[in-house]
Amino acid sequence: QVQLVESGGGLVQAGGSLRLSCAASGRTFSSAAMAWFRQAPGKEREFVAAISWSVRTYYGDSVKGRFTISRDNAKNTVYLQMNSLKSEDTAVYYCAATNSPIVTMYLKYDYWGQGIQVTVSS
């Protein structure tokens, strides 16, 4: 059974940092693209960042320059370093995996974590 488990969320003040982790189990994701999406109350799921099997990275416009995605294939884990956090970053963050070359669309993702809350206080 494939599982993606997020960790590292919580409450942080505006301007602070958090690092999210997503540990995959049940299969190897070294050949898959991994991504982070987020969803705030009353809003649609939003693309945050993705990293391909070749370590090419993609970012949503709202997080460019502040967030960094990385992966450690030996640990089957993907990370999201979030700096200069803003109140508008408050959301549930989801880890996802796909074999599709289209990495910015959530409908292309086959595997999802349960989500983790990130709250940024202003």
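Index from 1, following the sequence. Predicted model, so just to flag it, every value in this text is computed and none were measured.
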*How about Val120 and Val118: do any of their side-chain heavy atoms sit closer than 4.5 Å?*
yes

*Calculate, to the nearest 0.5 Å, the distance between atoms OG and CZ belonging to Ser84 and Arg66 respectively.*
7.0 Å

*Could you pull out the closest heavy-atom pair between Gln81 and Ser17, with the gap in Å?*
NE2-CB, 3.9 Å

*asked:* If I compare all heavy atoms of Leu18 with all of Leu85, which pair ends up nearest, and what's the gap?
replied: N-CD1, 3.9 Å

*asked:* On a heavy-atom basis, which atom in Ser21 and which in Trp36 lie closest, and how many Å separate them?
replied: O-CH2, 3.6 Å

*Between Thr90 and Glu88, do the side chains contain an N or O donor and an N or O acceptor separated by less than 3.5 Å?*
no

*asked:* Looking at every non-hydrogen atom in both residues, tell me the closest pair between Ile116 and Gly8 and how far apart they are.
replied: CD1-N, 3.6 Å

_Between Glu46 and Ser62, a side-chain donor and acceptor under 3.5 Å_ = yes

*Does atom OH of Tyr58 have more than 12 heavy-atom neighbours, drawn from other residues, nucleotides or ligands, at distances under 6.0 Å?*
yes

_A side-chain contact here means heavy atoms from C-beta on lying under 4.5 Å apart; do Ser121 and Leu11 qualify?_
yes

*asked:* Are Asn73 and Phe29 packed together at the side-chain level, in the sense that at least one heavy-atom pair is separated by less than 4.5 angstrom?
replied: no

*Mind listing the closest non-hydrogen atom pair of Ala33 and Arg71 along with its distance?*
CA-NH1, 4.2 Å

_Within 45° cone of Tyr79 ring axis and under 6.0 Å: Arg19 NZ or CZ_ = yes

*Checking Asn83 side chain against Gly15 main chain: does a donor-acceptor pair fall under 3.5 Å?*
no

*Between Leu4 and Tyr111, what is the shortest heavy-atom contact and its length?*
CD1-O, 3.6 Å

*asked:* Under 3.5 Å, is there a donor on one side chain and an acceptor on the other for Ser100 and Thr98?
replied: no

*Flag this pair as yes if the NZ/CZ of Arg38 is under 6.0 angstrom from the six-membered ring centre of Tyr94 and inside a 45 degree cone about the axis; otherwise no.*
no

_Sidechain N-carboxylate O distance under 4.0 Å for Asp89, Lys86_ = no

_Lys NZ or Arg CZ of Arg45 over Trp112 ring: under 6.0 Å, within 45°_ = yes

